[in-house]
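Shown next, in structure tokens, is the structure this report addresses.
Treat the numbers as computed from the prediction; the structure is a model and nothing was measured.
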Amino acid sequence: DVRAVREQAARHGQAERDHARAAADAAGSAEAVVDAEQAEQRAEAAVADARAQVHVQVGRWADNHSRLLSDAGCPAAPTALGSVAWRPGWVRRSMPQASPARKRSARCGQRPPPSA
């Protein structure tokens, strides 16, 4: 039957187009993955650089204010501040629900007490 052959040819043509589209989508996805991986590596490098700069700047600040820190009873503050730069999310997780005791201890570079 001619009609059945035409239907079969149309389905075959559609299947070929679908296959070509899927192959193009897969290639585009592979390129997107590579681009995303490269962007992630650039972001990780930028974060590492920013953390290193924070560490250096905290050290400089501590050197310039060592007497003030000592007089305030907070000589460990620079160490605590510098270590925060290496613990992603610590400030974000800790500070919103910070109690007055937690805030006082954080001011002097002490480890904050556990949350109740």
Could you list the donor-acceptor pairs under 3.5 angstrom formed by side chains in residues 56-70, with sequence neighbours left out?
residue: Trp61; atom: NE1; partner: His65; partner atom: ND1; Å: 3.3
residue: Asn64; atom: ND2; partner: Arg60; partner atom: O; Å: 3.3
residue: His65; atom: ND1; partner: Trp61; partner atom: O; Å: 2.8

What residues, two or more places apart in sequence or in another chain, satisfy side chain to side chain donor-acceptor pair (under 3.5 Å) together with Arg6? none
Indicate whether any N or O donor in one side chain lies under 3.5 Å from an N or O acceptor in the other, for His12 and Gln8. no
All pairs passing side chain to side chain donor-acceptor pair (under 3.5 Å) where residues 18-28 contributes a residue, at least two apart: Gln14-Asp18, Asp18-Arg21
Please enumerate all residues that pass side chain to side chain donor-acceptor pair (under 3.5 Å) together with Glu37, with sequence neighbours excluded. none
For Gln38, give me all partners under side-chain contact (heavy atoms from CB on, under 4.5 Å), at least two apart in sequence or on another chain. Val34, Asp35, Arg42
